[in-house]
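What follows is one structure encoded as structure tokens, with my remarks underneath.
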4 protein chains.
Amino acid sequence: MPKHEVKSTVKDEELVQKRREQISRGAVKLFIDKGFHRTTTREIAKEAGFSIGTLYEYIRTKEDVLYLVCDNIYNEVKFRLSELDNNDNTVEGLRVAIARYYEVIDQMSDEFLVMYQESKSLPNEALRYVLTKELEMVEQFEIIIRKCMEAGNLHIGPDEVSLTAHHILVSGQMWSFRRWALRKQYTLQRYTKIQTDLIIKGVEK
Amino acid sequence: MPKHEVKSTVKDEELVQKRREQISRGAVKLFIDKGFHRTTTREIAKEAGFSIGTLYEYIRTKEDVLYLVCDNIYNEVKFRLSELDNNDNTVEGLRVAIARYYEVIDQMSDEFLVMYQESKSLPNEALRYVLTKELEMVEQFEIIIRKCMEAGNLHIGPDEVSLTAHHILVSGQMWSFRRWALRKQYTLQRYTKIQTDLIIKGVEK
Amino acid sequence: MPKHEVKSTVKDEELVQKRREQISRGAVKLFIDKGFHRTTTREIAKEAGFSIGTLYEYIRTKEDVLYLVCDNIYNEVKFRLSELDNNDNTVEGLRVAIARYYEVIDQMSDEFLVMYQESKSLPNEALRYVLTKELEMVEQFEIIIRKCMEAGNLHIGPDEVSLTAHHILVSGQMWSFRRWALRKQYTLQRYTKIQTDLIIKGVEK
Amino acid sequence: MPKHEVKSTVKDEELVQKRREQISRGAVKLFIDKGFHRTTTREIAKEAGFSIGTLYEYIRTKEDVLYLVCDNIYNEVKFRLSELDNNDNTVEGLRVAIARYYEVIDQMSDEFLVMYQESKSLPNEALRYVLTKELEMVEQFEIIIRKCMEAGNLHIGPDEVSLTAHHILVSGQMWSFRRWALRKQYTLQRYTKIQTDLIIKGVEK
DNA sequence: AATGAATGAGCCTTCATTCAT
DNA sequence: GATGAATGAAGGCTCATTCAT
């Protein structure tokens, strides 16, 4: 799946990166606050620190901004999770990976919300690209789980690998989606412990 | 939490109910297709079968329509789940309840998606009301779980009751949110079996 | 060639006709003054006597307005020329027809200018429709000329019929296009006499 | 009428000429294709082969480009017609001049169209200058006609001289404006013959 | 109670022009 | 002299909402 491309009239590639960073950073704030549809391009430009004309030197449509935002969040998540790519094939390694993932979500809770609530507004091609990235994250956990299995540290039906991976992601998203309910009752640490136990005991023989 | 009230200029309460039913039924279709923001009030009126003027005799703002839709979906879900309110305190009863819930979600998948993706656009008061309903559903499962526990059929820490209930809801929503990925690999039956085992084995001693 | 259709959201067909009349009448004034591109839709609405929103109940794009204007002018011209459709097969009858045509152009000089200078901005389909109408006018004169020939009152090669008809139209348009130069030196009457002589003597044996 | 002046910040007069040549040459292409209003200054700069900033070193406004284009076309036409300035006072000489003029138009048909359809967008002063040039061309033909008359080769009322000259120009423009209709029926040669006969027989005793 | 024409604030986007480098 | 990033006024168009009939 090729990266969805956002056209810019500006030639200096470095500047384009910098400006898009500004756009994305500003837009998330606004999207968190009012959602994609209620945010105007003028507000986005203002928040990014330049004029509406300049904004449109770096994007072609408002939807491009949404894509930029989603793309940035994913890359950030991926980057933060990349450190997990260790070779610890124990269940403990899995636990750590899950915990790390929850942490990332906890820190980027707002961004997650935006991404999941607004990505449906992406144009088709961009949406497919984002879904691909989502699958990549599922795969990342599938790999970790399989390594545990191959090392004989986890016993689990082959059908359940994918489901468990999905489940890890979803339980993480739950911490973001339902924080209005969950944070009244649980700390991140407690939530992590309970969920991880649920997942791992659930799949263990 | 009092029900969020939608003002109408029409006196005949029965007619109001009937018309709102029409509005909601038509609007869901549109929201499923294009989302709340991309759907116009004119389209809603047309789908409902009457004029834009008439639409505004039964609602005050477009957001009222969204509320009507969310409210209707919740009521439908609640109604379908109400049959579960039995006194079967066995783990098997819990299994059946979960399965029933998944079934409902499977049948109303589109409506679920709408509700969860668009409810953030509700005005504050209405949003709170909807969240309340969500919590009521969590509670419904908490009650079933507690009954199992009190009957000695399930052993589980007190902290985990609420979380397990949330978990049931979320795993159900997952079937709706991630159908693009999950339905390629699982049937509803298989999904139900695996998830239920996960949940129940996870919480059992 | 089917009439190019302009969509309207308003159902009352009579009202649509009335409003479009208003739009066209107002728009010509503005187009005469500033041309199509320099006229804004807001100005068109204001000149027509209603709000921008109302304007867009009767057209879909700004180009529709241009089409309305061109269509109206053509119909007006055609209506005014329709009285010529007599059965006078003499050269005198041709003279009268030409004179009548020049008169119409003289009275609608501004409208003519607009039509010929702006019609290139019409969307393709509408442009073709307008050209068709132009050809119909050529044909109208061809018919009159042929009748003269068949009655033995005019002798002219078959190839030259069409060209003479075009020539009549163009010499008429010349009175509109070059008025800045011609009106200094000629009255309409004098211009008509000279041109007609030129045309008729030119084609006569 | 003094030549309309286009200001430039660049001192080197030779460079200015060269650059403006580039601008004009590129712009005609674009104007032919999309018209003056739909062509952007960026496109003009690109087509000319340099940056938008550089473009504005040689013009002050977009309208200056239009003026440059119109001026260039006129000069080209004038240059091509200058060879006609012979001393052949026969009717044959007039025929040749007309034929030569039609040829030029046939070759520069697109440019003609641009000039006549877009010159109304020129600022007032520039428009007057262009009209002056148009009159100069009329005069050029008037002179040829008068020479024929004085040599006793053509008999024509004094009033008709100017009109005939105008007519020659307009019949030439007609070949450009109405090519969509005329070229289906006539070759340039045939068109030239018929039109010239019409003009000359028409004015001859 | 129903209709649908009218309204206008406000949105996204373009593009001529400027100016610091 | 050349460049191209920045600007913001202005344009076309939409759509939630109202109100006279």
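Below, chains carry the letters A, B, ... as their sequence lines are ordered, and counting in each starts from 1.
- Within the structure, every pair that satisfies the salt bridge (charged side-chain N to carboxylate O under 4.0 Å, His left out) test and touches residues 50-67 of chain D, not counting sequence neighbours, is listed here: C/Arg38-D/Glu63.
- Looking at every heavy atom in both residues, D/Leu66 comes nearest to D/Glu118 through CD2-O, 3.3 Å.
- With sequence neighbours left out, D/Gln17 forms a side-chain contact (heavy atoms from CB on, under 4.5 Å) with D/Glu13.
- Within the structure, the salt bridge (charged side-chain N to carboxylate O under 4.0 Å, His left out) test picks out the following pairs touching residues 46-56 of chain D (sequence neighbours left out): D/Lys29-D/Glu47.
- For the ring-ring contact (aromatic ring centres under 6.0 Å, His included) condition, the pairs that include at least one residue of residues 12-49 of chain A, sequence neighbours left out, are A/Phe31-A/Phe36, A/His37-B/His37.
- Every residue meeting the side-chain contact (heavy atoms from CB on, under 4.5 Å) condition with C/Tyr116, not counting sequence neighbours, appears here in chain and number order: C/Tyr74, C/Phe112, C/Glu134, C/Gln173, C/Phe177, D/Arg178.
- With a cutoff of under 4.0 Å to any heavy atom of chain C, the contacted region of DNA chain E is bounded 5' to 3' by E/dG4 to E/dG10.
- Checked against side-chain hydrogen bond (donor to acceptor under 3.5 Å, both in side chains), D/Ser24 has the following partners two or more places apart in sequence or in another chain: D/Asn72.
- For the residue pair B/Arg25/B/Gln22, the side-chain donor-acceptor check at 3.5 Å is not satisfied.
- Under the rule for a side-chain hydrogen bond (donor to acceptor under 3.5 Å, both in side chains), B/Thr61 has no partner lying at least two apart in sequence or in another chain.
- For the pair D/Arg42 and C/Lys62, both in contact range of DNA chain F, the more 5′-proximal nearest nucleotide belongs to D/Arg42.
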>> Counting Watson-Crick and G-U wobble pairs with both distances under 3.5 Å, what is the dot-bracket string for DNA chain E, 5' to 3', using [ ] for crossing pairs and | for pairs to another strand?
In response: .||||||||||||||||||||

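- Smallest separation of non-hydrogen atoms from B/Arg20 and B/Val6: NH2-O, 2.7 Å.
- Within residues 11-41 of chain B, the residues having any heavy atom closer than 4.0 Å to DNA chain F are, in order of number, B/Thr39, B/Thr40, B/Thr41.
- The two residues B/Val10 and B/Val16 come nearest to each other via the heavy atoms O-CG2, 3.7 Å.
- Of the residues in residues 49-61 of chain B, those lying under 4.0 Å from DNA chain F by heavy-atom distance are B/Ile52, B/Tyr56, B/Thr61.
- Listed by chain and number, the residues in a side-chain contact (heavy atoms from CB on, under 4.5 Å) with C/Thr40 are C/Arg42, C/Glu43 (sequence neighbours excluded).
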